[in-house]
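Below you'll find the structure, written out as C-alpha cells, and then a few comments.
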Amino acid sequence: MNASLQPRISTDEDRYRLLVDAITDYAIYMLDPGGLVTSWNPGARRFKGYVAEEIIGQHFSRFYTPEDRQAGVPERALRTAAEEGRWESEGWRVRKDGERFWAHVVVDAIRSPDGQLLGFAKITRDLTERRAAAEALKRSEEQFRLLVQGVTDYAIYMLDPEGKVSSWNEGARRIKGYEPEEIVGEHFSRFYAAEDRAAGWPEKALQAAAEQGRFEREGWRVRKDGSRFWAHVILDAIHDDDGQVIGYAKITRDITERMEAQRQLDEAREALFQSQKMEAVGQLTGGVAHDFNNLLMAVLGSLELVKKRVPYDPKVSPLIENAIQGARRGAVLTQRLLSFARKQELALEPVDIASLVRGMTEFLSRSIGLNIEVVTRFPAGLPVVRTDPNQLETALLNLAVNARDAMPEGGTITISAAREVVAENAAGLSPGLYVRLTVSDTGAGMDAHTLARASEPFFTTKGVGKGTGLGLSMVHGLAAQSGGRLDIESRPGHGTTVHLLLPVAEGVEVSKGEDGRAPAGQPREGRLLILAVDDDDLVLMNTVAMLEDLGHEVLSASSGVEALTIVEERPWIDLVLTDQIMPHMTGLEFAEAVSSTRPNLPVAVVTGFADLPEGEALGLARLPKPFTQAELGAFINTAARRRAEA
C-alpha cells in the first residue's frame, strides 16, 4: 500500500468502526467462514446480553433456539449467504439469559477481490415489540371479523368505490337471503325496489356518502326471494390516507316489525283520539239535546193545549198544526242527537223483526218512491230480539232513505235477517245468540274514505240542507245501546250493505199485534193527585197544564228538597213525576229518599237520558222527553193500573 494513503485509510477504518460502535438499535458483527464471531458492536451487546470478550470466537449458532439448531437453520443461513451472497429471515433468537426475542436477520457474504470467501457480515434487529403489535392487530382484526360475521341482526358488508359488494356477513345472508358466493362482486342496487332504482336512489346514496361521509335513510328493500322489508340503512365512506374514497361500509337493519308495531301504535293513538273526540262531542251533544228537550216540552205541550182550547179557525189552526209538526220534527232530531250521544231513553222490549218489517213495508215503499223496489227475506222461526221497536223503525227508515239517495235512477233495497252465534272474544259483543238484520241496496256504493267516516256524526255526502249526518250515528247508537253492533260493507259500483247485529231475547214469548209489537195498554179513567217535580219553570208549567187538562189534580215543586217536604205533608199523593237532571238532588236521589219513607208511592223519572243504572235497581218507570199529552196520558194510566194491581 502507498505510504501516502495509509493515514487516510486508517482514518476511514476508524470512522467505520466508530460508526458501527455507535449503532445500538442493530446488532452488527462479523463471522469467519466457519461461523465464529470475530467482531461485536454495542448494539449486539444490548440485544443479546454478551460482552465482546464473552462471545468473540464463539459460534453464532448459540443465538438460535434449540429447535432451530436441531433443524440446521444456522448452517443453512451460512450456506445460502455463501451461495447467493445474502440470506434474510425472521425468527426467534435467544439472549444470554435465555429470554427469546423476535429478530430480523440479514447475513451478507464478504469476499476478497478475487472472490475468496472471507467471512460474513451479520445484522440483527429486535422486532419483538413490533411483532407483538402486529399480532395484537391481527388478533383484533380477527376478532372484529368474527364479531362482524357473528352479528345476525344487522347486514354488515363492504362495497367497493363503484358499489359492488366486497364482503358479506351472516346477518346480510340471513336478512337478504344471498350466500356470499352469490352476491360478492354484484352491485348493491339489486337490494333496492324497482321504483327506487328507477329514481336513482342507489347512485344518490353513494354520492351522498362520498360527499358528506355518511348517508342514512329508511325505505323498502328486496330480499333474494322478492319479498320486501322495511330497512334502516347507514352508508359510510372509507377513505385512504390521501382522502380518496376506497369503498363504503354498509349497515342494514330489518325494522319491518318495528314499523308495523309503530303503525299499530299510531292507529291505536288515532283510535283513542277519535274515541276521546267522539266522547267529547257526545257529552256536548247530550247536554244540548237535554236542554233542547226541555224547550220542545214547553213548545209542543203548549201548542197541543192551545189547539184543544181554541176553536178551529182556518187562518190560525193550520199554523198551530204546522208549529206542532215542526216541534215533532225537532223531537226526532233530538232523538238522533241523544242516540249518537248514547243517552237516548230506549224502551227495550222483545221485538219480532219479521213482523215489524212487514208492518212498515208499505210505509217504506211510500217514503222512498215508486222506482225503488223493497224486498224482504226472513227465515221461519227467527227468534225475537231485545231492542226499542220505535227506534228500530226509525233506524230502518233512515237506512232506506240513505239507500234511496244512493240510487237516483232506481234500484232494489233488500231487508233480510238471520240468526248468528257470536263466539268468545268478538269485538264489542258478548258471546251468545244474535239476529243479523241486513239492509242492502244496489246503489253507487262508497269508496274506502267515505266508508271509514260513514257513521261519524254530522258527516254526510248529501247536499246542504238535505241531511243532518246523524242517521247512521243514530243507528249505531241504537245497536250499541241494545247490546249489539253496526257493520257497514260497501264498494264503488257494488252498492252498500248495512248489518245491524241485535241480541236475542232468550226465553221470551211475544204476543204480537199487526205491527209485530206487544199491544199498548188501554187508557184508564180516574182522577189522581200527582206531584210534578222539575227545575225548569217552562217544562214544569207545561207538564202541570197537560196533567190538569187530562183531569188530574197536580202539585208542583221546582226541586227535590221542596218535593220531599210536599210528600211528607201530603200522604195521599197517588203518583210522582220527577225530572232526572236537577241541581243539588237528581231524580234518582229524590226517588231513593221517597222510597225510604213512602215505599208504596210510585215515582216515575222523566228524562231524555238513558244512563240510569241506579234507576234499574229501583225498578222506576221512565217517561222519555219530549212527550205529547197523549203519551203522558197513556203513561199515567199504565202507572195507575200497576199501582192498583200491586
Side-chain angles (χ1 to χ4, degrees), residues 1-139 141:
M1 183 177 295
N2 192 311
S4 63
L5 298 177
Q6 186 66 35
R8 181 176 63 81
I9 295 173
S10 176
T11 302
D12 288 344
E13 290 178 351
D14 290 341
R15 286 176 178 174
Y16 172 75
R17 184 173 298 280
L18 288 172
L19 173 64
V20 171
D21 287 345
I23 295 173
T24 59
D25 289 338
Y26 290 83
I28 303 175
Y29 54 98
M30 302 289 292
L31 303 177
D32 66 13
L36 299 179
V37 178
T38 59
S39 69
W40 197 247
N41 82 324
R45 181 177 72 246
R46 188 175 71 84
F47 283 0
K48 305 197 178 186
Y50 296 96
V51 295
E53 52 269 22
E54 291 180 299
I55 199 64
I56 292 178
Q58 301 295 319
H59 198 275
F60 84 110
S61 61
R62 70 163 51 194
F63 307 138
Y64 284 76
T65 64
E67 53 270 26
D68 283 350
R69 288 200 302 270
Q70 185 176 357
V73 175
E75 293 78 9
R76 186 164 61 252
L78 295 182
R79 185 170 60 252
T80 301
E83 294 174 353
E84 301 178 6
R86 180 184 178 85
W87 182 83
E88 184 176 3
S89 74
E90 289 187 6
W92 289 110
R93 296 297 183 267
V94 182
R95 306 186 202 276
K96 175 183 177 180
D97 61 5
E99 180 186 2
R100 296 189 178 196
F101 67 99
W102 188 261
H104 175 264
V105 178
V106 177
V107 179
D108 288 294
I110 302 174
R111 295 183 180 275
S112 64
D114 59 3
Q116 182 181 357
L117 181 65
L118 300 178
F120 301 93
K122 194 167 186 292
I123 301 176
T124 302
R125 186 180 183 188
D126 185 352
L127 300 180
T128 306
E129 292 183 359
R130 193 179 76 177
R131 183 175 187 273
E135 288 185 342
L137 177 60
K138 182 179 179 181
R139 286 194 302 270
E141 291 175 345

* Could you state the interatomic distance from NZ (Lys96) to NZ (Lys48), rounded to the nearest 0.5 Å? -> 14.0 Å
* Pair Arg45-Glu53, salt bridge (Lys or Arg N to Asp or Glu O under 4.0 Å): steps then yes or no -> CA-CA 11 Å; Arg45 181 177 72 246; Glu53 52 269 22; over 6 Å; no
* For Trp87, what residues pass the ring-ring contact (aromatic ring centres under 6.0 Å, His included) criterion, not counting sequence neighbours? -> none
Show me the donor-acceptor pairs within less than 3.5 Å that the side chains of residues 70-86 make with the rest of the protein, sequence neighbours left out.
| residue | atom | partner | partner atom | Å |
| --- | --- | --- | --- | --- |
| Thr80 | OG1 | Arg76 | O | 2.8 |
| Arg86 | NH1 | Asp108 | OD1 | 3.3 |

* Steps toward side-chain contact (heavy atoms from CB on, under 4.5 Å) verdict (Arg93, Thr65) -> CA-CA 6 Å; Arg93 296 297 183 267; Thr65 64; over 6 Å; no
* To do: List the atom of Leu118, the atom of Pro33, and the distance in Å for their closest heavy-atom pair.
  => O-CD, 3.3 Å
* Set of residues satisfying ring-ring contact (aromatic ring centres under 6.0 Å, His included) with respect to Tyr64, sequence neighbours excluded -> Phe60
* Structure fact -> Taking every heavy atom of Ile28 against every heavy atom of Asn41, the minimum-distance pair comes out as N-OD1, 2.9 Å
* Asked: What heavy-atom pair brings Tyr29 and Ala44 nearest, and what distance separates the two atoms?
  -> CD2-CB, 4.1 Å
* side chain to side chain donor-acceptor pair (under 3.5 Å) partners of Gln116, counting only residues at least two apart -> none
* Between CD1 of Ile56 and OG1 of Thr38, what distance do you get to the nearest 0.5 Å? -> 7.5 Å
* Asked: So, for Val107 and Val105, which heavy atoms are closest and what is the spacing to 0.1 Å?
  -> CG2-CG1, 4.0 Å
* Could you tell me whether a side-chain N or O of Ser39 sits under 3.5 Å from a main-chain N or O of Met30, the two making a donor and an acceptor? => yes
* Taking side chain to side chain donor-acceptor pair (under 3.5 Å) as the test, write out the residues that go with Arg69, two or more places apart. => none
* To do: Return the minimal non-hydrogen interatomic distance between Gln58 and Arg62, and the atom names on each side.
  => OE1-NH2, 3.0 Å
* Asked: Is the centre of the Trp40 ring less than 6.0 Å from the centre of the Phe63 ring?
  -> yes
Would you list the atom pairs, donor with acceptor, under 3.5 Å between side chains in residues 124-134 and any protein atom, with sequence neighbours excluded?
| residue | atom | partner | partner atom | Å |
| --- | --- | --- | --- | --- |
| Thr124 | OG1 | Lys122 | NZ | 3.4 |
| Asp126 | OD1 | Thr128 | N | 3.0 |
| Asp126 | OD1 | Thr128 | OG1 | 2.6 |
| Asp126 | OD2 | Arg95 | NH2 | 3.2 |
| Thr128 | OG1 | Trp102 | N | 2.9 |
| Arg131 | NH1 | Glu135 | OE2 | 2.6 |
| Arg131 | NH2 | Glu135 | OE2 | 2.8 |

* **Val106 versus His104, closest heavy-atom pair with distance** => CG2-CE1, 3.6 Å
* Asked: About how many Å separate CD of Glu99 and CG of Asp97, when rounded to the nearest 0.5 Å?
  -> 5.5 Å
* **Whether His59 side chain and Gly34 backbone form a donor-acceptor pair below 3.5 Å** => yes
